[in-house]
Amino acid sequence: VLDICYVACGRMDVVYTGMAEEGWKPWDYCAGLVVAVEAGCTMTHLKENDKADVGGGGKIRSGYDFNMYSESMICGVNEKVVEQCRKVVLGLQ
C-alpha cells in the first residue's frame, strides 16, 4: 500500500505487482485503490488472469471497477504512463 501512496503523492511514477505470483491481498488493493483514485492516479490490472479482470467491451477493468481478487495490479500517475509500463513489463512492444 505504501508503494501506491508514493505514486499518489508523486514520489514514484508507477508501481506494479503480480509478475512472479507475488500478488498482493485484496485488502492491500482496496486501501491503495481509494488513495490512488482520489489522488487522480490510474489503477488497473497488469495482465488479464481472470474473466473478472475484464469489463464490458473487453477492456481491462480500472478505477473503482478494479477486481480486488486479481493476481496483478499496476498503478501510475496517469493512464498513458500505466499503458506504456504495462507494454514494457509484458513485452508487448
Side-chain angles (χ1 to χ4, degrees):
V1 177
L2 189 57
D3 294 342
I4 294 173
C5 291
Y6 283 161
V7 172
C9 76
R11 289 185 182 179
M12 294 171 46
D13 291 330
V14 68
V15 64
Y16 64 90
T17 185
M19 285 302 293
E21 306 302 324
E22 84 281 3
W24 295 348
K25 301 293 182 199
W27 49 85
D28 295 326
Y29 289 135
C30 187
L33 177 66
V34 172
V35 172
V37 171
E38 292 299 317
C41 298
T42 298
M43 186 167 162
T44 188
H45 303 283
L46 180 60
K47 54 187 178 177
E48 180 186 330
N49 293 323
D50 188 312
K51 283 178 160 180
D53 294 348
V54 179
K59 187 176 179 184
I60 293 180
R61 296 178 184 266
S62 65
Y64 286 123
D65 197 28
F66 180 81
N67 174 20
M68 294 298 163
Y69 298 100
S70 178
E71 295 177 5
S72 69
M73 175 280 305
I74 186 167
C75 178
V77 293
N78 60 45
E79 192 172 336
K80 184 176 179 181
V81 170
V82 166
E83 282 307 310
Q84 287 176 347
C85 185
R86 222 174 136 262
K87 287 178 183 177
V88 169
V89 170
L90 297 176
L92 302 175
Q93 285 196 8

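These figures come from a predicted structure and were not determined experimentally. FYI, side chains are in, hydrogens and waters are out, and symmetry mates aren't considered; it's all heavy atoms of this structure.
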When clusters are formed by joining ILVMFWY residues with side-chain heavy atoms under 4.5 Å apart, either directly or through shared neighbours, do [X] and [Y] land in the same one?
X	Y	value
Leu92	Val88	no
Met12	Val81	yes
Val35	Val77	no
Val37	Tyr6	yes
Trp27	Tyr69	no

Derivation and outcome, side-chain contact (heavy atoms from CB on, under 4.5 Å), residues Met73 and Asp28: CA-CA 11 Å; Met73 175 280 305; Asp28 295 326; over 6 Å; no
Apply side-chain contact (heavy atoms from CB on, under 4.5 Å) to residues Leu33 and Met68 and explain how you reach the verdict. CA-CA 9 Å; Leu33 177 66; Met68 294 298 163; 3.1 Å; yes
Within the 4.5 Å heavy-atom criterion, are Tyr16 and Val89 side-chain neighbours or not?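 Heavy-atom side-chain distance check passes, below 4.5 Å.
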Mind checking the CE-CD1 spacing from Met43 to Ile74? Nearest 0.5 Å is all I need.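 It is 11.0 Å, given to the nearest 0.5 Å.
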In this structure, are over 12 heavy atoms from other groups packed under 6.0 Å from Gln84 atom CD?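 Yes, enclosed.
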Closest approach of [X] to [Y] (non-hydrogen atoms, all atoms of both residues):
X	Y	answer
Ala36	Ala8	CA-CB, 4.4 Å
Gly32	Ile4	O-CG2, 3.3 Å
Val82	Gly76	CG2-N, 3.3 Å

Check the orientation of Tyr29 and Phe66. Use parallel for under 30°, tilted for 30 to 60°, and perpendicular for over 60°.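 Judged by the thresholds at 30° and 60°, the geometry between Tyr29 and Phe66 is perpendicular.
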side-chain contact (heavy atoms from CB on, under 4.5 Å) between Thr17 and Leu46: does it pass, once the steps are laid out? CA-CA 8 Å; Thr17 185; Leu46 180 60; over 6 Å; no
